[in-house]
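We use all heavy atoms of the structure for the numbers below, so side chains are in, but hydrogens, waters and symmetry mates are not.
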Amino acid sequence: MTITRRTAVAALAALPLCAHATPDRKEAPPMYGLIGKMRAQPGQRDALIAILLEGTTAMPGCLSYGIARDKLEADAIWITETWDSQASHKASLSLPSVQAAIAKGRPLIAGFGERFETEPVGGHGMMAKSSSVS
């Protein structure tokens, strides 16, 4: 059987119809990501990092939470977060461990820099989120 260009185009055009043919499935909310820069008080970067690492270990819906030292600014850190949804991120802010970390770390924070909201789609080391749920 020879597949012609016309047959291939017709088959590809039908694919989106097949993808929506299961009415019992709905699309899951997109993942939510944050990338932000935080500046510690002079000489307090490692102490602030320790507080953040301690207070962010058990957060439902958190797929990854990374903290990195800025290589150019001695007191700056970058925090990269990936969540299963924006709602999970918002809910995490009321967790006792997160509230304690915020209270303990606040005096060590000199300020904030850039902040980016993202929509993660997956990647190595991160649980891939299904694009649809039952």
Side-chain angles (χ1 to χ4, degrees):
M1 178 171 133
T2 305
I3 298 176
T4 66
R5 183 179 182 148
R6 186 177 194 177
T7 305
V9 169
L12 289 173
L15 284 177
L17 298 174
C18 295
H20 297 293
T22 53
D24 61 332
R25 300 188 127 197
K26 58 183 177 180
E27 211 168 296
M31 287 191 282
Y32 180 72
L34 281 174
I35 302 168
K37 188 175 192 178
M38 185 182 292
R39 290 183 182 87
Q41 295 291 346
Q44 296 297 312
R45 179 169 72 177
D46 287 341
L48 181 56
I49 289 171
I51 292 167
L52 292 172
L53 289 173
E54 179 183 308
T56 56
T57 55
M59 299 184 294
C62 184
L63 303 175
S64 68
Y65 189 92
I67 300 172
R69 291 181 186 98
D70 188 297
K71 292 189 71 130
L72 300 177
E73 290 184 52
D75 294 312
I77 62 173
W78 287 92
I79 302 169
T80 305
E81 306 174 45
T82 304
W83 296 85
D84 65 0
S85 68
Q86 189 170 10
S88 291
H89 172 261
K90 185 176 179 180
S92 75
L93 298 174
S94 63
L95 293 170
S97 62
V98 173
Q99 287 291 311
I102 290 169
K104 191 174 179 182
R106 186 171 283 132
L108 303 182
I109 299 171
F112 298 89
E114 298 90 343
R115 181 181 189 274
F116 307 98
E117 290 187 59
T118 65
E119 186 177 304
V121 295
H124 181 74
M126 184 175 72
M127 288 179 20
K129 183 178 177 187
S130 173
S131 62
S132 60
V133 292
S134 303

Residues 93-116, side-chain donor-acceptor partners within the protein, below 3.5 Å, at least two apart:
unit_1: S94; atom_1: OG; unit_2: A91; atom_2: O; d: 2.9
unit_1: Q99; atom_1: NE2; unit_2: L93; atom_2: O; d: 2.4
unit_1: R115; atom_1: NH1; unit_2: E117; atom_2: OE2; d: 3.4

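Considering all non-hydrogen atoms of both residues, G43 and D75 come closest at N-OD1, 3.0 Å. Of all heavy-atom pairs spanning S88 and P60, the tightest one is CB-O, 3.9 Å.
Tested against W83 for a side chain to side chain contact (heavy atoms under 4.5 Å, CB included), the candidates P120, C62, S64 yield a single pass: C62.
In this structure, Y32 and H89 have tilted ring planes: the angle between them lies in the 30° to 60° band.
Taken to the nearest 0.5 Å, the CZ atom of R69 stands 6.0 Å off from the CZ atom of R45. Considering CE of M38 and CD1 of I77, their distance stands at 5.0 Å, rounded to 0.5 Å. Note: W78 CH2 to D70 CG = 7.0 Å, rounded to the nearest 0.5 Å. The CD1 atom of I35 sits 10.0 Å away from atom CD of E81, with the distance rounded to the nearest 0.5 Å.
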